[in-house]
Amino acid sequence: MEPPVIALEDVTVTYRSGFLGGTGFDALRGVSLSVGAGETVGLVGESGSGKTTLGRVCLGLLRPTTGSMHFAGQPFGNLRQRRGQLSVVLQHPEWALNPRLRCGRSVEEPLVLTGVSAAARRARVDEILEQVGLDPSFAARLPGQLSGGQRQRIAIARALVTHPRFIVFDEAVSALDVSVQAQVLNLIRDLQERHGFGALFISHDIAATRYVSHRIAVMLNGEIVEDGPAGRFYGAPEHPYSRALLAAV
Amino acid sequence: MRLAAYLLPRILAALITLFGVSVLVFLSLRLLPGGYADILLGPFVTPEARAVIAQRYGLDQPLVVQYLRWVWAMLGGDFGVSMVTQRPVIAELLRRAPVTLQLALIALAVALAVGYPLGVISGVRAASRRKRRDFGRVVGAMGASVPDFVLGSVLIFVFSVWSLWFRVGGYVPFGVDPVGNLRTMLLPGLTLSVFGVALILRTTRDAVLRVMTEPHITAAVARGATPGAIIRRHILRNAAIPVVTVVATYFGFLLGGAVIVEVLFSVPGVGLYIFNGLLNRDYAIVQAGVLLAAVVFITINMLADVLYALIDPRVGAAR
Amino acid sequence: MSGVARIARRRLRGDGLTLFGAVSLGCLLFLGIFGPWLPLGDPSRIAAGPRLGAPSAAFLFGTDELGRDFLPRVVQGIRSTFLLSAIAVAITAVIGTLLGMAAGYLGRHTDQIVARGADILFAFPALVAGLLVAAVMGPGQASAITVISIATLPLFIRVVRSVTLGVAGRGFVTAAEVAGASTLRVMVVHLLPNVMGAVMVQLTYALSIGMIIESALSFLGLGVQPPDASLGSLLRQGSAYLTIAPWMVLSSGVVLSLAIMSVNLVGDAARDALEPLKGRPLT
Amino acid sequence: MTAMTAPLVDIADLVIEYDTGTRQVRAIDGAALQVFEDETLAIVGESGSGKTTLGMAAGRLLPPEARVLGGRIHVADVDVSDADDDALRRLRHDKLGFVFQNPTTALDPTMRIGRQVALAMGGRPAPEAIAELLSRAELNEPQRILRAFPHELSGGMAQRVVIAMAIARSPQLLIADEPTASLDASIREKVMATLGRLRAESGASLVILSHDLRMIARHADRVAVMYGGRIVELGAVGQVMQAPAHPYTRALLAAAAGNERPGERLRPIPGTPPILESRCEACAYAPRCAFRETRCETERPEPRAFAGREVVCHRAEAVIAADQSPRQEAR
């Protein structure tokens with residue numbers, strides 16, 4: 001059987017704070033989580049529960065204090081080794097893109113970093129823009145001329161342009177309006193069917209999360225308190241906290 | 001507890017800064033071509049004098065040892081001896097310090113008394129009337145742009161033609177003749193304050209405008225509070241936070257500006273003393289004076305940090 | 001681009017003060033740059049007119065104690081005051097931007113070291129530091145440039161550092177990091193263009209501070225040395241004859257103040273454009 | 001509904017534009033709305049629909065770049081757009097209460113909670129009275145909270161403080177702008193419940209501005225759907241949510257995640273919301289509308305009563321008819 005794209009085993013992250021690092025605070029405690037190819041795992045929980053920390057660990061931006069992390073069966077290594085293999089889509093559409101770069105430049109940056117030739121880059125950028133539902137002419141625009149939904153599409157195009165094996169969506173639709181949110185959620189589902197990447201979908205919005213996810217993990221105080229198929233979150237999940245989250249839907 | 005956790009790193013940082021400043025001051029004069037003995041003694045050096053100096057200051061020792069001795073001597077109150085008067089520099093500096101302090105306090109008092117209220121008024125008006133053009137900008141731009149020596153020169157010219165009540169030069173200590181003292185000190189003090197008025201006015205105006213963009217002001221308006229009450233209860237305290245920092249910075253300017261104004265108005269303060277030390281190549285004075293000014297400035301900034309923490313409850317709290 | 005121009009024009013129309021600053025800065029820069037080729041007379045020609053002559057049709061700003069025409073001397077002063085400050089500030093801006101970006105983006109030890117370094121420089125009141133520098137390096141242009149750098153470097157570092165901190169937390173920087181971009185690439189491609197606005201604003205303020213420091217040092221005789229003239233050294237020259245020939249102090253003083261003010265006004269406008277403060281009325 | 005009594009809020013033909021510095025943007029394009037006593041009305045819409053502008057206009061709290069170009073706003077018999085500063089202040093002080101989106105910024109960061117609440121109550125309330133008010137807003141340990149600064153409170157606690165301040169003087173009208181949007185999902189429901197309970201106890205009316213359809217369905221009596229600066233559908237929550245008569249309402253419900261069954265696909269609305277620069281002489285929704293016909297693009301629809309509600313649509317009949325089968329579980 002193919003190893004999961006990303007696998008965390010008993011990961012703990014401790015932040016040191018205070019003068020001379022006196023007190024420690026566990027942002028994550030003994031978290032184990034794996035995401036398979038073509039699978040979306042939703043990660044829900046309130047602010048401060050450790051969702052974003054977990055996302056940063058999965059992206060290789062933060063080293064676990066203890067525990068192990070594997071990428072496609074291999075030890076994670078560092079981000080340079082993983083160029084083109086993983087990417088991220090973040091919350092604020094207005095901050096997702098460098099306002100000084102034309103969108104085409106933003107989208108092609110991961111390709112530049114993996115050493116793709118200029119001609120191949122241009123073709124690939126046009127192709128991926130079309131896949132996220134944007135006209136290739138958007139490549140010449142500056143982010144300031146785009147709506148929030150369009151910017152988030154560009155960000156998704158940038159995340160997908162190297163055919164990564166793993167993508168983290170960190171509150172990627174939270175700042176979008178209802179109708180745009182549906183567009184982007186559908187886009188994520190369709191693109192995953194097509195490209196087969198593994199995804200971690202981090203959100204405080206359980207309704208959006210269960211719509212795009214195959215599995216959902218619920219975080220509370222740095223621990224995963226429930227991890228089950230998304231279908232369960234349309235009915236009655238086990239953990240009382242999960243049910244509290246669902247009450248607001 | 002919160003205050004201690006906030007202040008401890010700052011005190012540490014201030015000590016590191018102090019250390020850096022002392023190293024810079026130390027090195028700046030020791031590493032000169034010609035050597036420290038030349039500097040201390042001027043161009044006419046006899047070999048005997050050089051030997052005496054070298055021994056006295058341990059100039060044959062490694063730099064680190066020299067530095068430590070120098071610091072140790074200062075901790076014991078020995079900041080060197082003036083070449084001209086052969087008196088301890090620190091005594092001379094301390095004797096003149098009250099004069100400069102008086103000058104600085106006059107300037108600071110005027111700057112705060114004029115700048116802060118005008119800044120508040122200007123900020124509130126600018127927010128309410130949507131006008132980019134208002135007196136705050138004009139006064140601020142002009143005050144920040146006329147250098148003190150230009151203003152001072154003009155004042156000297158004016159009052160040399162029409163003497164009026166003020167006097168240029170002829171300093172008398174306040175204790176001896178309060179009125180005579182003020183006659184000589186008010187002009188240089190006011191000259192020094194103009195930049196401060198502009199600085200504090202601009203900072204206050206910006207701070208007020210910034211506070212007035214915050215939702216809690218809208219919330220207060222929505223509760224039906226009167227403009228006066230909103231200004232008194234919500235704006236003044238919030239806007240004071242950046243002003244505290246700027247006042248500390250202004251103090252640094254005052255220490256430097258004192259040099260110019262004291263030279264211009266012949267006020268016998270620290271600035272004039274250091275300047276004359278420089279002209280006489282009496283470098284022990286310059287060295288000690290610069291160090292002292294930096295120490296005062298660092299201390300003032302520390303105090304500002306404390307004040308800041310008292311005004312803004314968010315300071316020092318975990319993010 | 002035309003959008004920026006349009007906004008600039010709209011701003012200027014409703015704002016005479018900024019317009020005044022921009023126009024007078026333009027005129028002063030023109031005089032400073034093209035002064036030597038303008039038919040204003042020779043600044044160093046002795047006995048071109050009477051000694052300490054009052055302003056007249058022939059000598060608009062009067063003459064000095066050697067009978068030199070004061071107008072071309074003031075123009076020469078504008079040139080050297082601007083030039084000296086601009087050189088010092090430009091060098092400082094480059095160094096300060098690099099250090100501030102490094103401190104803000106790399107964080108941790110780099111941040112600590114740079115921040116402490118900035119604190120140390122900041123602890124020297126500018127003119128007091130000027131005395132020390134003059135003692136070490138001797139009076140002259142190099143001293144002036146050094147003092148201006150000491151005074152303005154901490155400002156650049158602090159502002160750039162804090163702007164960098166804000167930008168570094170944004171999504172596009174994280175995305176580039178995840179894509180495997182090197183630290184240098186992130187700084188050059190993603191951070192630098194986004195801190196430039198703040199750098200430009202700071203540049204104008206630093207320039208006005210630089211001009212004040214340069215002229216103050218020259219006024220004290222520690223900066224530009226005769227026979228070269230800066231606005232500060234002209235004031236020094238004039239202050240010796242303050243009571244009998246006040247036009248020397250007045251003309252160079254007014255021009256100096258005007259120069260600093262126009263730089264300040266343009267800086268204010270740049271900052272307003274970058275970070276508009278819109279408070280709400282209290283009713 | 002209490003249609004017989006005079007409405008507490010009466011807004012008609014309201015037109016508001018913003019001067020963005022480069023152009024005029026019309027945020028409210030002829031909106032009409034009445035709020036009656038003792039009811040909860042929700043105004044829903046996406047960003048840019050004009051809901052916040054409408055809510056703030058009721059207290060004349062708009063930012064200065066906003067211009068009211070026409071129409072009428074009466075709140076508790078005060079003509080808000082015409083009142084002088086004093087009358088306006090009295091209205092806000094005695095009859096209105098506002099709850100803002102982000103509670104931590106709606107509180108003065110340098111002032112202790114106790115003093116802020118006291119200022120909102122007016123006079124010199126006893127500490128017990130302040131604590132009592134905080135307990136009514138379901139804040140445990142009011143004594144500790146009194147001494148706290150805003151940054152020491154969680155978002156949920158801060159919002160309860162803001163709510164307590166809003167009801168401190170028993171206002172007749174509460175306006176809450178996205179009151180739970182900045183809070184964690186697990187406490188949203190509780191904070192809304194508190195707000196609803198306090199409203200019911202005091203008999204005030206509550207206007208909730210929100211984009212969250214599901215939350216509104218649980219907490220409002222009537223709902224007003226905004227699009228392009230107008231109220232396009234207005235009626236009882238159950239009716240509007242279960243059988244929308246405006247194509248935009250219908251599309252919005254179909255696009256919102258949360259109503260779908262497992263495996264079912266969301267149906268996004270094609271196109272983007274309009275940004276008006278002047279009066280819209282057609283239906284603003286027409287370019288995105290599945291039901292549009294030629295007159296939708298040439299003729300501005302006016303409000304009309306239809307199927308027990310008010311709707312601004314030429315094609316409402318067709319919309320209702322098309323909606324006989326699905327979508328029965330808006331809860």
Side-chain angles (χ1 to χ4, degrees), chain B residues 1-3 5-6 120 123-134 207-245 307-319, chain D residues 19 21 55-56 58-66 85-113 115-122 147-153 158 161-162 165-169 171 174-175 177 182:
Chain B
M1 182 53 215
R2 173 179 75 86
L3 211 60
Y6 163 77
V120 171
V124 172
R125 273 169 51 117
S128 305
R129 298 204 183 164
R130 306 278 94 199
K131 272 198 177 162
R132 294 171 39 75
R133 218 175 325 162
D134 75 327
V208 167
L209 273 171
R210 201 178 301 270
V211 173
M212 287 174 78
T213 63
E214 287 173 12
H216 70 86
I217 298 298
T218 306
V221 175
R223 279 195 297 274
T226 59
I230 296 174
I231 292 171
R232 240 177 318 116
R233 287 170 183 150
H234 300 296
I235 293 179
L236 285 184
R237 189 183 175 104
N238 279 288
I241 293 168
V243 176
V244 168
T245 312
L307 197 57
Y308 192 105
L310 292 178
I311 296 181
D312 187 348
R314 286 164 297 187
V315 161
R319 270 164 297 136
Chain D
D19 183 358
M56 293 299 112
R60 207 163 92 192
L61 286 170
L62 294 168
E65 54 273 14
D85 286 354
D86 240 14
L88 196 63
R89 204 142 43 225
R90 271 200 308 281
L91 173 73
R92 290 170 182 161
H93 190 271
D94 302 333
K95 295 181 177 160
L96 295 183
F98 281 85
V99 177
F100 296 94
Q101 175 167 3
N102 190 338
T104 39
T105 59
L107 295 168
D108 186 338
T110 60
M111 198 185 279
R112 289 183 199 275
I113 297 296
R115 180 153 157 70
Q116 301 198 43
V117 177
L119 286 176
M121 294 169 78
R147 287 189 302 273
F149 285 103
H151 71 270
E152 294 166 339
L153 302 184
V161 170
V162 171
M165 288 166 73
I167 60 154
R169 276 193 277 256
L174 280 165
I175 297 177
D177 186 2
S182 68

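Numbered from 1 within each chain, the chains take letters A, B, ... in sequence-line order.
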Chain D contact via B:Ala225 - side chain, backbone, both or neither, heavy atoms under 4.5 Å: backbone
Please flag which part of [X] lies under 4.5 Å from any non-hydrogen atom of chain B: side chain, backbone, both or neither.
X        : answer
D:Leu119 : side chain
D:Arg90  : neither
D:Arg169 : side chain

Acceptor/donor pairs from residues 215-223 of chain B side chains to any protein atom, 3.5 angstrom cut, sequence neighbours excluded:
unit_1: B:His216; atom_1: NE2; unit_2: B:Glu214; atom_2: OE1; d: 2.9

Ignoring hydrogens, what is the shortest heavy-atom contact between B:Gly224 and D:His93? Give both atom names and the distance. O-CD2, 3.9 Å
Under 4.5 Å, heavy atom to heavy atom: which of residues 102-110 of chain D reach chain B? Give them by number, or say none. D:Thr105, D:Ala106, D:Leu107, D:Asp108, D:Pro109, D:Thr110
Roughly how far apart are B:His234 NE2 and D:Gln116 CD, rounded to 0.5 Å? 6.5 Å
